[in-house]
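Notes follow the structure.
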Amino acid sequence: MAVWLSIGILFTFTAIAFIIYRWGNMKCIGVTPVRKFTFIAILFTSGLDVGLIMFPLTEFAGYADLVNSPEYAFSNPLAIEFGFWAFLIWAFYFLTSFYFCVIEPRVKFFEIPLIKFINNVVIIGTCAFTAYLLLTNLPWYLPDLGDGKSIVGSFYVIVFVVIAAAVYSSTNIRYVRILSLVSTWLFLGLIALMWAGAFLSDKSSVGEFFTTFALLGDYFGNIENFVLPINEYHEFYLFWWFAWSIMIGQFTARFVSGMRTYQVLFAMMVFPSIPIAIWFSVLYYYSANAIPTVGLYNLAMVIVGVTFVINSLDSLVRLYTDNLNLTVQRFGKARYIIGNITLISGLTLLFKLDFLQIQWVGALAIGLILGCFAYILKNHYHTVADIERSPIGNKIDFTKIEVAS
């Protein structure tokens, strides 16, 4: 699987380079454009999930353990965590977002019945994996509800409620803007809360934050090491990003509002990376200095993580239900909600039983990306080569999202 993953990565970056060369100055306009801050908020909160909030504190120690993982010796744990979550790999989303905004309307590869089916398998599987991640991390962050290690009944209830809230939210696209903005502000508030707790105490100083933050420079000095998989754990992350890439591109493409192609790439790689860098720096300071997070901080992280999950699942449920015509208009709200809650809850349990793996889902996504390229070369080479603008029907009209269902 490592070879398949490497092929997917190298193709992705080659395709991005060609897009910037060929269409770098073209304006990209989606079918439901929103203002730039809202677009960035939608991108950030739809493209990330609970892992951003809950993984780092459990991973820093592993990246620092060079006895068992000597492959991490080229950098520090903070830079490695950042490399697994930020900057370069957000280019995956750019590739798919550009494709669905500009190219897919002309070639309709994802309208082919078999391709549509496989794509929705990827989306539904990633939905369930997102809920599964929340379930498996709750014991660490809410030890008061259990023994701090095992999953108890209360955690299943929390995840079920989150799934239900996300499915309900997906019944109307207007909720995504509200959720995205709320998630963004909650995340920024969480950063401010934990930053103040660490660096404004008697034992710390603001200067120590900048010292910690400066460690991220090692990522950019060793960025080439993050292109191909470092080890099996990095492979897991990269497959996970590929699993997300097609659906996040498909979802976010509709909201682009006239930015030029190179600006979309810049926005996707830089703007989400800034709060991630600050957040990880704060968490790394807590980890390196053994500052406890029990109580208020853990609860705050769970609340923000839950909001992220609801936001992400909302986007994914809307995608696969639209693609498969399993809409509220067709089945009614009650059957729509019951059916989707049952499907995602059942698949979440399959991930819990190790019956499914996100690596398989990511491998399918790579297959779709490579298959799309082959399809274009065979059937639509001249159509794509002649593209000079976004689809004619796409206009910058910020009122469209108000009337969208």
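This one's a predicted model, so the numbers in the text were calculated from it and none came from an experiment. Starting from 1, each residue takes its place in the sequence as its number.
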- Kindly say whether the aromatic ring centers of Tyr233 and Phe236 come within a distance under 6.0 Å. yes
- Determine which pairs satisfy side chain to side chain donor-acceptor pair (under 3.5 Å) with at least one residue from residues 286-303, sequence neighbours left out, and list them in order. Thr293-Asn298
- Note on the structure: Sorted by chain and number, sequence neighbours left out, ring pair (Phe, Tyr, Trp, His ring centres under 6.0 Å) with Tyr63 holds for Tyr72, Phe84
- Query: Got more than 12 heavy atoms from elsewhere within 6.0 Å of CZ, Phe74?
  - Reply: yes
- Note on the structure: Which of Trp240, Trp279, Phe60 passes ring-ring contact (aromatic ring centres under 6.0 Å, His included) with Phe55? Answer is Trp240
- More than 12 heavy atoms of other groups within 6.0 Å of Phe13 CZ: yes
Show which side-chain atoms of residues 384-393 pair as donor or acceptor with protein atoms under 3.5 Å away, not counting sequence neighbours.
residue : atom : partner : partner atom : Å
Glu388  : OE2  : Arg22   : NH2          : 2.9
Ser390  : OG   : Lys27   : O            : 2.9
Ser390  : OG   : Ile29   : N            : 3.0

- Task: Tell me, with the steps shown, if Tyr284 and Glu81 meet side chain to side chain donor-acceptor pair (under 3.5 Å).
- Result: CA-CA 9 Å; Tyr284 185 61; Glu81 189 75 50; over 6 Å; no
- Message: For a quick test of reading the model, state the closest non-hydrogen atom pair linking Val102 to Cys28 and the distance between them.
- Response: CG2-SG, 4.3 Å
- Output yes when a side-chain donor or acceptor of Thr171 lies under 3.5 Å from a complementary backbone atom of Val167, and no otherwise. no
- Distance-only, no hydrogens or angles: does the Thr136 side chain make a donor-acceptor pair with backbone N or O of Leu133 under 3.5 Å? yes
- Starting at CD1 of Ile16, measure out to CZ of Phe94 and round the result to the nearest 0.5 Å. 6.5 Å
- Message: I'd like to know if the side chain of Glu104 reaches the main chain of Phe110, judged simply by a donor and an acceptor atom lying under 3.5 Å from each other, with no hydrogens or angles considered.
- Response: yes
- If we only count heavy atoms from C-beta on, is the Leu326 to Tyr336 side-chain gap below 4.5 Å? no
- Task: Measure the CE-CZ distance between Met259 and Phe39 for me, rounded to the nearest 0.5 Å.
- Result: 4.5 Å
- Would a line drawn from the ring center of Phe82 to the ring center of Phe87 be shorter than 6.0 Å? no
- Item | Asn120 side chain vs Lys116 backbone, donor-acceptor pair below 3.5 Å | yes
- Tell me, please, which residues at least two apart from Gln263 pass side chain to side chain donor-acceptor pair (under 3.5 Å). none
- Shortest non-hydrogen pair, Ala365 vs Val122, comes out as N-CG2, 4.2 Å
- Query: Under 3.5 Å, is there a donor-acceptor pair between the side chain of Ser170 and the main chain of Arg318?
  - Reply: no
- Query: Would Phe331 and Thr321 satisfy side chain to side chain contact (heavy atoms under 4.5 Å, CB included), going step by step from the backbone distance to the final call?
  - Reply: CA-CA 11 Å; Phe331 291 98; Thr321 53; over 6 Å; no
- Query: Would you call the rings of Phe109 and Tyr375 parallel, tilted or perpendicular, where under 30° means parallel and over 60° means perpendicular?
  - Reply: tilted
- Query: Any donor and acceptor pair, going by atom type alone, linking the side chain of Ser169 with main-chain N or O of Ala165 inside 3.5 Å?
  - Reply: no
- Which class fits the ring pair Phe255 and Phe251: parallel under 30°, tilted 30 to 60°, perpendicular over 60°? perpendicular
- Query: Are the aromatic ring centres of Phe155 and Tyr141 under 6.0 angstrom apart?
  - Reply: no
- Rounded to the nearest 0.5 angstrom, the CG-CG distance for Asn76 and Leu216 is 7.5 Å
- With the side chain counted from C-beta on, respond yes when Thr342 and Ile338 share a heavy-atom pair under 4.5 Å apart, and no when they do not. yes
- Message: Quick check against the 3.5 Å criterion: does Thr252 have a side-chain atom that pairs as donor or acceptor with the backbone of Ser97?
- Response: no
- Query: Rounded to the nearest 0.5 Å, what separation is found between the OG1 atom of Thr130 and the CG atom of Leu347?
  - Reply: 12.0 Å
- Query: Are the aromatic rings of Phe226 and Trp241 close, with centres under 6.0 Å apart?
  - Reply: no
- Item | Phe308 and Phe187 aromatic ring geometry - parallel, tilted or perpendicular at 30°/60° bounds | tilted
- Would you call the rings of Tyr21 and Phe18 parallel, tilted or perpendicular, where under 30° means parallel and over 60° means perpendicular? tilted
- Compute the ring centroids of Phe92 and Trp244, then answer whether they are less than 6.0 Å apart. no
- Could you state the interatomic distance from CG (Asn323) to CD (Glu111), rounded to the nearest 0.5 Å? 7.5 Å
- Message: Please check this pair: side chain of Asn119 against backbone of Ile115, looking for a donor-acceptor N/O pair closer than 3.5 Å.
- Response: no
- Item | Within 6.0 angstrom of Tyr156 OH, more than 12 heavy atoms from elsewhere | yes
- Item | Derivation and outcome, side chain to side chain contact (heavy atoms under 4.5 Å, CB included), residues Ile369 and Tyr99 | CA-CA 10 Å; Ile369 292 170; Tyr99 171 81; over 6 Å; no
- Mind listing the closest non-hydrogen atom pair of Ile163 and Ser345 along with its distance? CD1-OG, 3.8 Å
- Query: Partners of Phe266 by ring pair (Phe, Tyr, Trp, His ring centres under 6.0 Å), sequence neighbours excluded?
  - Reply: Phe271
- Which pairs pass salt bridge (Lys or Arg N to Asp or Glu O under 4.0 Å) with one or both residues in residues 250-272, sequence neighbours excluded? none
